[in-house]
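So the structure is just underneath, and the comments pick up after that.
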Amino acid sequence: MFNEDNAKIRNQVLQAVEGMTDETLNLKPSETEWSPIQILDHLQLMEKIIAKGVSLELQKEESKKAVKKPIALTVSRSFKVEAPSHVTPTNDFVTLEEMKERLNASHNLLYEVYARASREQLEKKSMNHPVFGKVPLIQWFPFVGLHEKRHFKQLQETLRKIDELTR
């Protein structure tokens with residue numbers, strides 16, 4: 001079930017940053033890379049956008065049925081995907097506590113949308129993805145966890161770079 005996998009990766013993400021200072025979490029390893037807080041912000045923005053998008057799609061009378069897509073490829077960082085502007089984090093200083101609240105809120109929103117939908121609706125309707133095209137709504141819930149796995153690797157790499165910079 002997607003919710004167990006999503007909860008597991010979310011816990012790994014949060015454990016990776018636990019006990020770190022807000023100052024450290026807001027550091028960028030380079031001008032072109034995201035800070036750890038920005039990575040977390042991207043995750044909650046993405047989860048929120050997906051939850052809202054699925055919710056809107058569920059309300060539509062007409063929504064095309066789509067074939068399942070190879071969403072497991074999301075985890076691979078061998079190809080770069082540019083984040084759309086609506087899920088690109090800001091450069092604002094954000095505390096870990098505030099970010100945890102945002103992450104919790106986006107997680108709850110996703111689960112609420114899932115709980116309100118029938119399996120039939122989720123299988124018969126779809127939403128567009130910038131890489132995969134039309135993706136059945138049922139696949140968007142596990143996609144969130146796969147997306148977080150992708151960025152967990154990025155987070156680990158970023159934390160390692162910051163550690164080297166601050167030694």
Side-chain angles (χ1 to χ4, degrees), residues 1-18 20 22 25-26 34-76 81-90 92-156:
M1 193 72 170
F2 86 90
N3 52 357
E4 291 167 6
D5 290 340
N6 287 15
K8 184 179 175 184
I9 188 62
R10 176 63 58 87
N11 285 335
Q12 289 175 321
V13 165
L14 292 174
Q15 283 175 359
V17 296
E18 195 58 48
M20 300 184 82
D22 295 330
L25 291 174
N26 280 274
W34 287 347
S35 70
I37 257 334
Q38 286 177 305
I39 295 169
L40 299 180
D41 194 27
H42 171 70
L43 295 179
Q44 69 87 22
L45 288 168
M46 187 72 139
E47 189 169 45
K48 194 166 35 174
I49 288 288
I50 289 170
K52 287 178 178 180
V54 169
S55 183
L56 286 172
E57 205 59 48
L58 286 167
Q59 293 170 28
K60 290 181 182 177
E61 286 292 321
E62 291 291 316
S63 179
K64 293 191 188 275
K65 185 174 182 173
V67 296
K68 285 194 171 187
K69 300 300 186 297
I71 62 170
L73 295 174
T74 302
V75 178
S76 172
V81 178
E82 202 63 41
S85 60
H86 56 281
V87 292
T88 300
T90 69
D92 296 347
F93 184 93
V94 181
T95 65
L96 179 56
E97 207 48 50
E98 169 64 22
M99 191 52 65
K100 283 181 178 180
E101 289 173 17
R102 292 182 193 178
L103 286 161
N104 192 42
S106 66
H107 225 46
N108 289 341
L109 181 61
L110 186 73
Y111 288 114
E112 287 168 19
V113 170
Y114 183 78
R116 287 194 312 259
S118 72
R119 181 150 187 100
E120 182 183 6
Q121 285 178 301
L122 295 173
E123 289 175 349
K124 286 188 174 178
K125 295 183 175 197
S126 66
M127 188 169 74
N128 204 40
H129 183 278
V131 174
F132 297 115
K134 289 280 187 192
V135 174
L137 297 185
I138 193 82
Q139 283 193 288
W140 281 98
F141 300 93
F143 171 82
V144 169
L146 294 168
H147 176 257
E148 288 200 17
K149 277 186 185 178
R150 175 187 183 94
H151 286 288
F152 179 56
K153 292 177 186 175
Q154 177 191 12
L155 179 64
Q156 289 175 310

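Quick caveat, the model's predicted, so the values are computed rather than measured.
- For the residue pair L122 and F141, the shortest heavy atom distance occurs at CD2-CE1, 3.7 Å.
- One distance of note links CE of M99 with CD1 of I37; it measures 5.0 Å at 0.5 Å rounding.
- The pair E98-R102 counts as a salt bridge, with a side-chain nitrogen and a carboxylate oxygen less than 4.0 angstrom apart.
- Counting only heavy atoms from C-beta outward, the side chains of N3 and Y114 never approach each other to under 4.5 Å.
- When atom types are taken as modelled, the side chain of R10 and the backbone of L103 share a donor-acceptor pair closer than 3.5 angstrom.
- Scanning all heavy atoms of the two residues, the minimum distance from V113 to A51 falls at CG2-O, 3.5 Å.
- In this structure, K69 contributes its side chain and K134 its backbone to a donor-acceptor pair below 3.5 Å.
- Scanning all heavy atoms of the two residues, the minimum distance from S63 to K125 falls at OG-CB, 3.3 Å.
- Listed for the T74 side chain is no donor-acceptor partner under 3.5 Å among the backbone atoms of H147.
- With values rounded to the nearest 0.5 angstrom, Q156 atom CD is found 10.5 Å from I39 atom CD1.
- Taking the six-membered ring where the residue is Trp, F143 and H129 present perpendicular rings, their angle passing 60° and hence far from 30°.
- Applying the ring-ring contact (aromatic ring centres under 6.0 Å, His included) definition to pairs two or more places apart or across chains, none involves residues 53-72.
- Between E18 and K100 there is a salt bridge, since at least one side-chain N of the basic residue sits less than 4.0 Å from a carboxylate O of the acidic one.
- Atoms CZ and OG, on F132 and S126 in that order, are 14.5 Å from each other to the nearest 0.5 Å.
- Across every non-hydrogen atom of P89 and W34, the tightest pair is CD-CZ2, 3.4 Å.
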Step by step, would you call S55 with E112 a side chain to side chain contact (heavy atoms under 4.5 Å, CB included)? CA-CA 10 Å; S55 183; E112 287 168 19; over 6 Å; no

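- Atom CG of residue N11 and atom CZ of residue F152 lie 10.5 Å apart, to the nearest 0.5 angstrom.
- Judged by distance alone, with hydrogens and angles left aside, the side-chain atoms of Q38 form no donor-acceptor pair with the main-chain N or O of N26 at under 3.5 Å.
- Residues L43 and M46 fail the side-chain proximity criterion, which asks for heavy atoms closer than 4.5 Å.
- Between P36 and L25, the shortest heavy-atom contact is CD-O, 3.2 Å.
- Put simply, the side chain of E148 does not reach to within 4.5 Å of the side chain of N6, judged on heavy atoms.
- Annotation for N128 and G133: closest pair OD1-C, 3.3 Å, computed over non-hydrogen atoms.
- How far CG of L155 is from CG of L40: 6.0 Å, rounded to the nearest 0.5 Å.
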Side chain to side chain contact (heavy atoms under 4.5 Å, CB included) between D41 and V94: does it pass, once the steps are laid out? CA-CA 9 Å; D41 194 27; V94 181; 5.9 Å; no

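- Among K48, E47, Q44, the single residue meeting the side chain to side chain contact (heavy atoms under 4.5 Å, CB included) criterion with L109 is K48.
- Taking CG from L137 and CZ from R119, the interatomic distance works out to 12.0 Å, rounded to the nearest 0.5 Å.
- H42 and H151 have perpendicular rings, their planes meeting at more than 60° on a 0 to 90° scale where under 30° would count as parallel.
- M127 places a side-chain heavy atom less than 4.5 Å from the side chain of V54.
- When the salt bridge (Lys or Arg N to Asp or Glu O under 4.0 Å) test is applied to E101, no partner is found at least two apart in sequence or on another chain.
- Surrounding NZ of K153 are more than 12 heavy atoms belonging to other residues, nucleotides or ligands, all under 6.0 Å away.
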